[in-house]
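See structure below.
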Amino acid sequence: MSNPAETPAPAPSDFIRDVVAGDVQAGKYDKIVTRFPPEPNGYLHIGHAKSICLNFGIAREFGGVCHLRMDDTNPTKEDVEYVDSITADVQWLIGGWADHCLGLKPKGATPATQTVNGKPDFHLGAVPVGTPGVEPFYASDYFEQIHAYAVQLIQLGKAFVCDLSAEEIDELRRNGKPSPFRGRSIEENLDLFARMKAGEFPDGARTLRAKIDVAAPNIWLRDPLLYRIRHVEHHHTGAAWRIYPMYDFAHCLSDYIEGVTHSICTLEFEVHRPLYDWILEALNLPRPLPHQFEFARLNLTYMVMSKRKLMQLVDDGLVTGWDDPRMPTISGIRRRGVPAVALRDFAYNIGITKYDGLTEIGALDHAIRSYLNEHALRRFAVLRPIKIVLTNLPDNHFEELDAFNLPNAPEDTRRVPFTKELFIDADDFMEIPPPKYFRLRPGGEVRLKYGYIIQCDEVVKNEAGEIVELRCTVDLTTKRGGPNGDRKVKGTIHWVSASHSVDAEVRLYDRLFTVPEPDAEGGDFKKFLNPHSYEVVTAKCEPSLASASPDERYQFERLAYFSLDPESAPEKLVFNRTITLKDTWAKEAQKK
RNA sequence: UGCCUUAUGGUGUAAUGGUAGCACGAGAGAUUCUGAAUCUCUUUGUCUAGGUUCGAGUCCUAGUAAGGCAACCA
């Protein structure tokens with residue numbers, strides 16, 4: 001399907017890749033290691049896709065590896081359901097592009113203890129691609145090591161156990177005042193922390209805090225929390241722990257343990273970077289330290305992106321699920337029929353910066369159309385049929401016409417049956433057409449694509465005044481190559497043979513929201529839902545579509561791109577509309 | 001309010017002190033057995049005010065605007 005002669009896209013460039021290139025040049029690391037660290041508390045969306053493309057893109061461009069890691073330090077919010085969907089989505093998105101850079105580890109593996117430069121050290125790296133029995137990395141696999149680092153911090157006099165409530169801590173931090181427990185002895189801290197671990201105290205009774213600077217201008221340096229007590233089971237570690245590390249403590253150490261070199265996250269973590277660096281530097285670690293870089297998350301018009309809002313759409317039944325083709329989730333986009341390449345092209349086109357902008361959905365649409373135009377097989381299908389009777393043909397007329405599977409590849413053809421009775425789309429006939437309407441009208445002519453020119457002689461209606469059929473005459477001299485094959489008419493339309501057509505359920509998806517910024521200014525984004533975002537029709541398809549493949553993409557000529565839905569079955573075809581063709585006529589007609 | 005970050009056509013981006021370019025969109029035309037695609041042309045931009053410099057989108061200062069953080073979430 002893909003053309004090997006395609007010119008490869010130029011290597012992307014951005015401020016993060018500039019840093020990586022500099023580090024490679026300077027020989028700072030043995031190998032570039034990035035990571036994609038989702039929290040398994042929801043489905044991945046197109047914003048994550050941007051991050052995946054960045055992290056895996058850097059890995060493949062610099063001969064490195066990108067670890068898939070579950071950032072699962074908060075057992076109250078996370079679930080294995082999400083681990084599975086995340087893994088599947090990542091593999092789909094990087095398939096055929098960066099599979100060789102996917103960093104996984106042996107199932108059940110935890111960090112090894114090693115000695116580096118005479119110092120004890122914890123390390124867990126990725127296993128070669130293709131190794132059987134692998135799974136993603138889990139931050140929770142490092143709880144033992146992270147705990148050991150916490151103990152070390154206490155011994156260094158750089159962390160203490162605090163008995164204050166959340167509210168009290170908040171109050172003091174706001175005012176830059178120290179906790180009264182800040183001066184506890186190392187022995188007492190060690191003892192209390194051990195008892196926290198043993199489960200002696202209820203949730204919220206005590207925390208472990210870093211001892212940094214209570215008056216620092218950056219809030220995250222005002223003795224931040226490192227550990228909290230949570231008497232809950234964890235989806236990955238079970239009942240092993242009663243204390244769980246906070247993001248800031250776990251993340252930088254997870255990066256270090258895995259040998260990550262460039263830890264790339266979104267802008268909201270920018271203020272955390274000094275803490276990220278402080279923790280790693282406080283521990284006198286023997287290997288080169290990872291560094292954090294931040295880029296702007298993706299915002300798209302006509303869409304909401306927050307996990308909370310997407311969850312609401314799912315929970316309120318406003319969509320059929322996380323993989324509803326209207327959702328901006330990776331699984332939804334996939335189900336809609338968007339190829340992974342198109343999503344990657346989109347990510348490439350929008351670039352990476354620190355500017356928090358709003359990208360027009362048209363940029364995504366363009367990437368999708370551009371790929372599909374090159375690769376989708378052309379087929380005929382009629383969404384809203386009108387019957388045509390070719391009155392000058394015998395009842396049993398049958399012939400097969402050659403049709404191109406792809407434009408610009410005339411040798412690649414299929415045969416479509418042509419008979420006395422046909423269907424055309426309702427949009428392609430108007431009794432009283434506006435100016436510049438090129439399609440069929442009473443007394444007018446139109447070309448049936450790959451076939452003949454027909455003329456409409458009579459409009460037959462029922463008692464309700466609805467059109468029942470169009471009676472036309474066909475000029476059999478006008479086929480391509482025929483005596484009048486070069487005759488020009490203004491319009492060319494698609495059609496199917498009535499007696500040979502196969503029915504298919506066709507799901508017509510449109511954008512979920514009617515306004516560019518549905519979640520602007522606190523208003524209820526759900527009141528901007530597009531009531532026409534989903535419509536189902538029974539289409540009349542050319543017979544070859546009966547054997548359509550789920551791996552293939554189709555263009556129903558002059559209409560849109562489609563692909564088979566997972567619910568499709570041989571006895572009941574179901575197509576999803578991925579995206580319409582551009583329609584300048586619709587735009588023109590709307591001007592009036 | 002404090003701290004951090006950002007600001008280049010309508011949108012997304014490039015220009016690393018030396019001709020402001022690309023893509024998407026929009027508009028016009030050519031072409032067309034898809035009103036698609038393709039091709040040609042056009043349109044619009046360095047937030048403001050100072051400063052440094054032979055020269056500033058780029059460096060400095062101040063302002064303005066936008067975003068983020070101020071969770072025992074990540």
Side-chain angles (χ1 to χ4, degrees), chain A residues 13-15 18 37-39 41 71-74 76-78 139 162 164-166 169-170 173-174 176 203-209 216-222 224-230 243-244 246-248 250-251 265-274 294 296-297 299 301 307 349-367 369-370 373-374 378 380 403-404 407-408 436-439 446-453 478-480 485-494 516 555-560 580-589:
Chain A
S13 167
D14 54 65
F15 72 99
D18 288 347
E39 182 186 15
N41 70 344
D71 203 4
D72 55 351
T73 56
N74 184 1
T76 61
K77 290 189 170 179
E78 297 151 8
C162 181
L164 259 22
S165 71
I169 290 177
D170 201 40
R173 285 181 88 189
R174 225 183 275 283
D203 285 10
R206 286 189 163 87
T207 55
L208 183 73
R209 299 177 64 184
N218 183 337
I219 303 278
W220 289 102
L221 261 17
R222 320 244 263 228
L225 271 63
L226 266 24
Y227 263 92
R228 77 282 219 189
I229 299 170
R230 279 263 208 285
I243 54 172
Y244 292 94
M246 300 288 293
Y247 163 82
D248 288 290
H251 202 90
C265 59
T266 44
L267 250 23
E268 66 268 28
F269 294 100
E270 204 157 26
V271 285
H272 295 240
R273 181 160 20 105
E294 309 87 14
R297 63 166 357 116
N299 301 300
T301 57
K307 275 185 194 171
N349 287 335
I350 57 174
I352 300 292
T353 64
K354 300 188 79 155
Y355 176 68
D356 185 27
L358 178 62
T359 299
E360 288 175 346
I361 194 74
L364 209 213
D365 294 344
H366 173 261
R369 288 195 181 106
S370 161
N373 178 52
E374 290 287 317
R378 309 297 130 120
F380 279 167
F404 301 155
N408 313 321
K436 289 195 272 183
Y437 185 82
F438 300 160
R439 285 108 98 152
V446 79
R447 177 178 286 279
L448 299 175
K449 190 166 187 186
Y450 305 125
Y452 308 96
I453 293 172
T478 54
K479 187 159 84 163
R480 189 196 301 272
D486 292 334
R487 227 185 96 200
K488 303 290 179 198
V489 285
K490 204 68 175 149
T492 299
I493 64 173
H494 60 282
Q555 183 197 103
F556 293 176
E557 289 212 48
R558 301 205 313 127
L559 299 173
T580 61
L581 257 39
K582 283 218 275 193
D583 190 350
T584 51
W585 165 245
K587 200 187 287 183
E588 179 77 23

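Spacing of P atoms, A49(B) relative to A56(B), comes out at 15 Å, to the nearest Å. With both ends at atom P, the span from U53(B) to A20(B) equals 23 Å, rounded to whole Å. The separation of U46(B) from G12(B), taken at their C1' atoms, amounts to 16 Å, rounded to a whole angstrom. Annotation: C60(B) and U52(B) have their C1' atoms spaced 7 Å apart (nearest Å). U6(B) and C47(B) have their P atoms separated by 14 Å, with the value rounded to a whole Å. The same atom, P, is picked in U11(B) and in G67(B); the two are 15 Å apart, to the nearest Å. Taking the P atom of each, C54(B) and U48(B) are spaced 24 Å apart, rounded to whole Å. C22(B) sits 36 Å from A74(B) when the C1' atoms are compared, rounded to a whole Å.
Here Glu39(A) does not pair with Lys77(A) in a salt bridge; the nearest charged N to carboxylate O distance is not below 4.0 Å.
One can place NZ of Lys77(A) at 12 Å from P of C72(B), the figure rounded to the nearest angstrom. If you take OH of Tyr247(A) and P of A71(B), they are 17 Å apart, rounded to a whole angstrom. The distance between atom CG of Asn373(A) and atom P of C24(B), rounded to the nearest whole Å, is 13 Å. Atom CG of Leu364(A) is separated from atom P of G12(B) by 15 Å (rounded to the nearest Å). Taking atom CG of Leu358(A) as the reference point, atom C1' of C24(B) lies 14 Å away to the nearest angstrom. The CD atom of Glu360(A) sits 10 Å away from the C1' atom of A26(B) (whole-angstrom rounding). Spacing between atom CG of Asn299(A) and atom C1' of G68(B) amounts to 12 Å, rounded to whole angstrom units. Taking atom CG on Leu221(A) and atom C1' on G2(B), their separation rounds to 14 Å, with Å as the unit.
At a threshold of 4.0 angstrom between heavy atoms, the contacts of His272(A) include nucleobase atoms, whether or not backbone atoms are also involved. Within 4.0 Å of Glu557(A), counting heavy atoms only, lies at least one base atom of the nucleic acid. The residue Arg230(A) sits close only to the backbone: its heavy atoms come under 4.0 Å of sugar-phosphate atoms, none of a base. Nucleic acid contact for Gly351(A): none, since no nucleic acid atom lies under 4.0 Å from a heavy atom of the residue. Across all strands shown, Lys479(A) has heavy atoms under 4.0 Å from base atoms, whether or not it also approaches the sugar-phosphate. In this structure, Gly451(A) reaches the bases: a heavy-atom distance under 4.0 Å links it to at least one base atom across the strands shown. Residue Ser165(A) is classed as a base contact, given a heavy-atom separation below 4.0 Å to a base. Within the nucleic acid shown, Asp18(A) comes within 4.0 Å of at least one base atom, counting heavy atoms only. Using a 4.0 Å heavy-atom criterion, one finds that Thr353(A) contacts the sugar-phosphate atoms exclusively. Residue contacts for Phe380(A): at a heavy-atom cut-off of 4.0 Å it reaches no nucleic acid atom on any strand shown. Within the nucleic acid shown, Tyr227(A) has no heavy atom closer than 4.0 Å to any nucleic acid atom. Within 4.0 Å (heavy atoms only), Arg378(A) reaches at least one base atom of the nucleic acid. Ile350(A) comes within 4.0 angstrom of the backbone, heavy atoms only, and of no base. Contacts of Pro407(A) with the nucleic acid, taken as non-hydrogen atoms under 4.0 Å apart, include base atoms.
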Review point. How far apart are the C-alpha atoms of Asp170(A) and Arg174(A), what are their side-chain angles, what is the distance that settles it, and do they pass the salt bridge (Lys or Arg N to Asp or Glu O under 4.0 Å) test?
Key: CA-CA 6 Å; Asp170(A) 201 40; Arg174(A) 225 183 275 283; 2.7 Å; yes
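Here Trp585(A) counts as stacked on G35(B): its ring centre is under 5.5 angstrom from the base ring centre and the planes meet at under 30°. Both geometric conditions, a ring-centre gap below 5.5 Å and a plane tilt below 30°, are fulfilled for Phe438(A) over the base of G35(B).
Rounded to the nearest 0.5 angstrom, Asp18(A) CG and Ile352(A) CD1 are separated by 12.0 Å. How far NZ of Lys582(A) is from CZ of Arg369(A): 7.0 Å, rounded to the nearest 0.5 Å. The CD1 atom of Ile493(A) sits 12.0 Å away from the CZ atom of Arg447(A) when rounded to the nearest 0.5 Å. Here Arg228(A) contributes atom CZ and Thr73(A) contributes atom OG1; the two are 5.5 Å apart, rounded to the nearest 0.5 Å.
In this model, the phosphate group of G35(B) is not approached by any side-chain N or O of Lys490(A) to a distance below 4.0 Å at OP1 or OP2. At least one side-chain nitrogen or oxygen of Thr584(A) sits closer than 4.0 Å to the OP1 or OP2 atom of A36(B). An OP1 or OP2 oxygen of C33(B) is reached within less than 4.0 angstrom by a side-chain nitrogen or oxygen of Lys488(A). Residue Arg228(A) places at least one side-chain N or O closer than 4.0 Å to OP1 or OP2 of C73(B). Taking only side-chain nitrogens and oxygens, Ser13(A) never comes nearer than 4.0 Å to OP1 or OP2 of A14(B). OP1 and OP2 of C72(B) both lie 4.0 Å or more from every side-chain N or O belonging to Thr207(A). Using a 4.0 Å cut-off, some side-chain N or O of Lys582(A) falls inside it from OP1 or OP2 of G25(B).
Closest approach to the Trp220(A) side chain among G27(B), C33(B), A74(B) is made by A74(B) (side chain taken as heavy atoms from C-beta onward). Counting only heavy atoms from C-beta on, Glu268(A) has its side chain closest to C69(B) among U34(B), C69(B), C24(B). For Glu39(A), taking side-chain heavy atoms from C-beta onward, the closest of the listed nucleotides C73(B), C24(B), A70(B) is C73(B). Of the candidates A74(B), G67(B), A70(B), the closest approach to any side-chain atom of Asp356(A) belongs to G67(B). Distances were taken from every side-chain heavy atom of Leu225(A) (C-beta onward) to each of G35(B), U5(B), C72(B); the shortest belongs to C72(B). Side-chain proximity of Arg173(A) to the nucleotides G25(B), G12(B), C72(B) is greatest for C72(B).
When both pairing distances are held under 3.5 Å, C3(B) makes a Watson-Crick or G-U pair with G68(B). Across all strands shown, C47(B) pairs with G63(B); the Watson-Crick or G-U wobble distances both stay below 3.5 Å. G55(B): no Watson-Crick or G-U partner with both key distances under 3.5 Å is found in any strand. Base pairing annotation: C22(B) forms a Watson-Crick or G-U wobble pair with G12(B), both donor-acceptor distances under 3.5 Å.
If you check distances only, the side chain of Arg439(A) does reach the base of G35(B) with a donor-acceptor pair under 3.5 Å. Taking 3.5 Å as the limit, the base of U34(B) and the side chain of Gln555(A) contain a donor-acceptor pair of atoms between them.
Judged by distance alone, with hydrogens and angles left aside, the side-chain atoms of Asp71(A) form no donor-acceptor pair with the main-chain N or O of Ala139(A) at under 3.5 Å.
Classified by interplanar angle (parallel below 30°, tilted 30° to 60°, perpendicular above 60°), the ring pair Tyr247(A)/Phe269(A) is tilted.
Each of Thr492(A), Thr478(A), Val446(A) was evaluated against Ile453(A); a single residue qualifies, Thr478(A), per the side-chain contact (heavy atoms from CB on, under 4.5 Å) test.
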